[in-house]
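Have a look at the structure below, then the notes.
Being a predicted model, the structure only gives us computed values, none of them experimental.
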Amino acid sequence: MSDTRNADTDGGTDATTGTDAERFEAVVVGAGPGGAAAAAVLADNGVETLVLERGVEAGSKNVSGGLIYAGKSAAYTADDLFPGFREEATERPVTRNYMDNVAGDEVHTIDLKRVHEHDTAWVDSVLRRRMDSWLAERVHERTAEAGGGLLTDVRVNGLLWEDGEAVGVTCDKLDPIRADVVIAADGVNSELARAAGLMDWEEPDEWFQGVKAVVDVEPDVIADRFDVAEDEGVARLFGGDLFDGVRGGGFLYTNRDSLSIGTVFHLDSLAEERAEPHELLDGLLTHPHLGQWLPDEYSEREYSAKLVPDSKKVAHGSPHRDRMLLVGDAAGQMQAQGPIIKGMNHAVNAGGLAAEAYVEAKSRNAPHSAGELYASKLREEGVMDELRPTRYEVTRRLSESDAVTNVLDSVARSSVGRFGLRATGGLAARLFNSPFVLGMIPDTRTSYVTVPTVLAEELGERATGANDADPPTLEERIGELTYDTDVGNPHIELVDESFEASGVAVTACPVSAEGFGGGCYREETVRVNGGEERVVSLDTQPCVECGTCAVVADTEWTHPRGGKGVAFDEG
């Protein structure tokens with residue numbers, strides 16, 4: 001354990017297990033934005049709170065796109081909970097946001113000002129290592145004052161059960177810990193959510209996969225090429241035919257002295273197309289349109305990847321069981337609807353509401369009602385309607401059928417459709433800026449590929465200038481990452497090594513590729529009973545712990561023990 005801080009504990013004995021058990025009034029698992037918000041609200045209300053973080057430092061395991069929003073109507077925002085947050089923990093205020101529809105070298109740009117500013121107090125770009133570490137320092141100070149603290153490099157590996165009820169957590173390196181309430185903010189691969197039977201998203205169409213490159217750029221170059229001051233920033237999103245028909249898009253965000261450039265795709269589309277994430281990212285990085293913003297000499301600080309849940313399909317309406325409440329990605333609270341991509345703001349809001357629910361329930365001498373109260377607050381505050389719009393649930397069965405998609409694609413590409421899009425270009429801009437329309441936009445190639453491509457073909461202008469970027473190879477990228485793995489003792493188990501069962505992991509895994517032998521997954525041909533057979537094998541050395549293989553392949557994937565695995569410097 002790298003940081004024991006000053007967490008005070010008082011021992012106890014668990015009646016079921018017979019083991020010594022520490023006890024805190026509240027345990028928060030995960031020191032990301034959701035966990036930090038929960039811990040701050042609990043501590044501010046005098047609740048003795050212990051925060052357990054798996055990374056060697058808060059943020060070392062985390063990756064985001066990443067923009068953090070503050071909703072005008074949100075009950076909790078990061079700057080309200082943590083004074084000085086924007087000045088010290090974020091990168092730049094994002095004051096402009098655009099959607100670039102791309103067809104070949106043709107680009108059609110839409111200003112997303114209305115949807116960017118809808119119910120928004122502010123938006124900042126962030127890098128998770130820096131932001132989460134800053135938050136952890138404040139969380140430690142606040143929780144220590146209430147008799148608790150923050151421990152890093154501690155993996156919580158399950159729930160502590162008593163008479164069939166979850167009453168605490170178990171850890172790799174600590175005795176079991178009992179608590180009156182457990183707030184699980186342990187991310188998209190939450191072991192606690194699974195242990196409680198609250199995470200049942202297993203299909204590829206319920207997930208997105210994102211990969212990102214952090215590109216080194218001097219602040220004066222950012223100012224010049226994006227025409228922004230020191231306290232301004234830009235966000236750009238990219239759709240159309242850039243990504244070989246894979247459903248999803250790209251993004252670019254300005255940081256203080258770097259750019260975050262990445263892609264986010266529906267995982268089922270990525271798997272179906274056998275597309276390789278790093279190649280799609282390179283397609284964006286080297287497109288002529290990007291050349292105007294990249295530095296003269298391309299230098300990549302970090303390559304990263306993660307899965308995120310599709311909240312429209314999986315955001316949990318009742319994310320609690322017994323004494324445990326889920327917040328953030330663990331509860332499926334990641335909103336991705338067209339150009340709206342918001343997650344960290346929902347995690348902060350949910351973390352605050354979960355803590356508030358426990359404090360209120362405790363004041364009523366009914367702490368066991370905290371979960372029901374939390375679910376009610378998510379509904380009453382409008383969080384669930386943002387995450388899982390009713391209009392999407394109503395329309396998706398029709399709008400996402402193959403037959404409807406084929407008809408809409410044919411119409412959009414027809415001469416009549418093209419004339420309509422040319423004549424109503426302004427209407428398209430209004431639709432891209434409508435939160436109501438975006439709340440029921442279907443997850444089909446019509447939305448992500450066809451319409452943006454036709455808009456660019458009919459209304460776009462040719463990208464000028466050159467792009468001389470020469471991104472690193474995948475081998476170079478994974479060679480630059482920091483690992484703490486147990487070589488020879490992989491945490492991934494191939495249940496079925498046949499290519500039919502697990503071959504898709506070779507391409508969908510962000511650190512593997514066909515014909516590349518240094519990645520996590522490899523395709524091999526072996527001799528079996530006098531014949532040859534294509535099989536999949538693995539080497540966990542370069543694993544970035546995104547969890548993709550657990551969804552697309554026949555694989556048992558669990559977190560590596562303790563702090564083992566990748567540690568991101570930027571995140």
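- Between Asn101 and Thr453, the side chains place no donor N or O within less than 3.5 Å of an acceptor N or O (distance only, hydrogens not considered).
- A donor-acceptor pair is defined here as one N or O able to donate and one able to accept, closer than 3.5 Å; no such pair exists between the side chain of Gln335 and the backbone of Gly343.
- The 12-atom threshold is exceeded at CD of Glu393, counting heavy atoms of other residues, nucleotides or ligands nearer than 6.0 Å.
- A donor-acceptor pair is defined here as one N or O able to donate and one able to accept, closer than 3.5 Å; such a pair exists between the side chain of Ser401 and the backbone of Leu398.
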Discussion item. Determine whether Phe265 and Phe208 satisfy the following criterion, ring-ring contact (aromatic ring centres under 6.0 Å, His included), listing intermediate values before the conclusion.
Written reply: CA-CA 5 Å; Phe265 298 109; Phe208 297 92; 9.8 Å; no
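- Here the side chain of Arg92 pairs a donor or acceptor atom with the backbone of Arg256 at under 3.5 angstrom.
- For Ser133 (side chain) and Ala58 (main-chain N/O), a donor-acceptor pair under 3.5 Å exists by modelled atom type.
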Practice prompt. Check the pair Val154 / Leu174 against side chain to side chain contact (heavy atoms under 4.5 Å, CB included), numbers first and verdict last.
Written response: CA-CA 8 Å; Val154 175; Leu174 299 175; 3.9 Å; yes
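- Remark: Asp268 engages Arg247 in a salt bridge, criterion side-chain N to carboxylate O under 4.0 Å.
- In terms of modelled atom types and a separation under 3.5 Å, the side chain of Lys342 and the main chain of Met334 share no donor-acceptor contact.
- Judged purely by atom type and a 3.5 angstrom limit, Thr254 uses its side chain to pair as donor or acceptor with the backbone of Val234.
- Contact record, Pro309 with Trp201: CB-CZ3, 3.5 Å, taken as the closest heavy-atom pair.
- Note that CG of Leu267 and CG of Asp205 are 9.5 Å apart. Values are rounded to the nearest 0.5 Å.
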Worksheet entry | Test log, rule side chain to side chain contact (heavy atoms under 4.5 Å, CB included), inputs Leu151 and Val51 | CA-CA 6 Å; Leu151 303 178; Val51 182; over 6 Å; no
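- With Glu302 contributing its side chain and Gly571 its backbone, the two residues share a donor-acceptor pair below 3.5 Å.
- Checking side-chain atoms of Ser311 against main-chain N and O of Leu387 turns up a donor-acceptor pair under 3.5 Å.
- A donor and an acceptor atom, one from each side chain of Arg54 and Asn157, are nowhere located under 3.5 Å apart.
- The pair Glu570-Lys212 does not count as a salt bridge, with every side-chain nitrogen at least 4.0 angstrom from each carboxylate oxygen.
- Here CG of Leu259 is found 9.5 Å from CG of Asp216. Values are rounded to the nearest 0.5 Å.
- In this structure, Cys171 SG and Leu52 CG are separated by 5.5 Å, a value rounded to the nearest 0.5 Å.
- For the pair Pro288 and Asn467, the tightest heavy-atom approach, listed with the atom from each and the gap, is CA-CB, 4.1 Å.
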Practice prompt. Please test Asp132 against Lys61 for salt bridge (charged side-chain N to carboxylate O under 4.0 Å, His left out), starting from the C-alpha separation and ending with a verdict.
Written response: CA-CA 10 Å; Asp132 289 11; Lys61 294 290 183 186; over 6 Å; no
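- Using modelled atom types, one side-chain atom of Asp496 and one backbone atom of Ser498 make a donor-acceptor pair closer than 3.5 Å.
- Looking at Arg321, His316, His320 one by one, the single match for side-chain hydrogen bond (donor to acceptor under 3.5 Å, both in side chains) with Ser318 turns out to be His320.
- For residues 279-293, the set of pairs meeting the side-chain hydrogen bond (donor to acceptor under 3.5 Å, both in side chains) definition, not counting sequence neighbours, comprises Asp100-His289, Asp282-Arg477, His289-Gln292.
- Taking both residues in full, the closest heavy atoms of Val214 and Ser260 are given as CG2-OG, 4.4 Å, listed atom of the first, atom of the second, then distance.
- Exactly one residue among Asn62, Thr548, Asp329 makes a side-chain hydrogen bond (donor to acceptor under 3.5 Å, both in side chains) with Lys306. That residue is Asp329.
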Worksheet item: Does the pair His346 and Tyr69 meet the rule for a ring-ring contact (aromatic ring centres under 6.0 Å, His included), with working shown?
Response: CA-CA 9 Å; His346 290 304; Tyr69 284 75; 9.1 Å; no
Discussion item. The test is side chain to side chain contact (heavy atoms under 4.5 Å, CB included); show your working for Leu290 and Leu252 and say whether it passes.
Written reply: CA-CA 9 Å; Leu290 272 287; Leu252 180 156; 3.5 Å; yes
When the side chains of residues 517-525 are checked against the rest of the protein, which donor-acceptor pairs come out under 3.5 Å, sequence neighbours left out?
| unit_1 | atom_1 | unit_2 | atom_2 | d |
| --- | --- | --- | --- | --- |
| Glu523 | OE2 | Arg534 | NE | 3.0 |
| Glu523 | OE2 | Arg534 | NH2 | 2.9 |
| Glu524 | OE1 | Ser537 | OG | 2.6 |

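- A salt bridge links Arg301 to Asp257: at least one charged side-chain nitrogen sits closer than 4.0 Å to a carboxylate oxygen.
- Between the side chains of Glu53 and Thr152, not a single donor N or O lies within less than 3.5 Å of an accepting N or O.
- Distance check, rounded to the nearest 0.5 Å: CD1 of Ile341 to CG of Leu237 gives 5.5 Å.
- With no hydrogens or angles considered, no side-chain donor-acceptor pair links Ser502 and Asp554 at under 3.5 Å.
- Going from atom CG of Leu270 over to atom CH2 of Trp207 covers 14.5 Å, rounded to the nearest 0.5 Å.
- In this structure, Arg130 pairs ionically with Glu91, as a charged nitrogen and a carboxylate oxygen lie closer than 4.0 Å.
- When all heavy atoms of Leu242 and Gly283 are compared, the pair lying nearest together is CD2-O, 3.9 Å.
- For the side chain to side chain contact (heavy atoms under 4.5 Å, CB included) criterion with Val314, the lone passing option out of Gln333, Glu206, Arg388 is Glu206.
- Residues Val246 and Glu272 form no side-chain contact, since every pair of their non-hydrogen atoms from C-beta on lies 4.5 Å or further apart.
- In summary, the side chains of Thr446 and Asp409 do present a donor paired with an acceptor at a separation below 3.5 Å, with no hydrogens or angles considered.
- Salt-bridge annotation for Lys312 and Glu386: absent, with no side-chain N of the basic residue lying under 4.0 Å from a carboxylate O of the acidic one.
- Once rounded to the nearest 0.5 Å, the distance linking OG of Ser512 with CG of Leu538 reads 9.0 Å.
- Contact check for Val102 versus Pro452: no side-chain heavy atoms found under the 4.5 Å cut-off.
- Side-chain contact between Ile68 and Val123 is absent, with no heavy-atom pair separated by less than 4.5 Å.
- Looking only at distances, a side-chain donor or acceptor of Thr507 sits under 3.5 Å from a matching main-chain atom of Val504.
- Heavy-atom minimum distance, Val327 versus Ala185: CG2-CB, 3.5 Å.
- A salt bridge is absent between Asp443 and Arg396; no separation between the charged side-chain nitrogens and carboxylate oxygens falls under 4.0 Å.
- For the pair Tyr253 and Arg236, the minimum side-chain heavy-atom distance is 4.5 Å or more.
- In this model, a donor atom of one side chain and an acceptor atom of the other lie less than 3.5 Å apart for Thr90 and Asp124.
- Of all heavy-atom pairs between Ala508 and Val552, the closest is CB-CG2, 4.2 Å.
- Contact of the Leu281 side chain with the Tyr303 side chain is registered, since non-hydrogen atoms from C-beta on lie closer than 4.5 Å.
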Worksheet item: What do the steps show when you test Cys543 against Val566 for side chain to side chain contact (heavy atoms under 4.5 Å, CB included), and what is the final call?
Response: CA-CA 7 Å; Cys543 177; Val566 70; over 6 Å; no
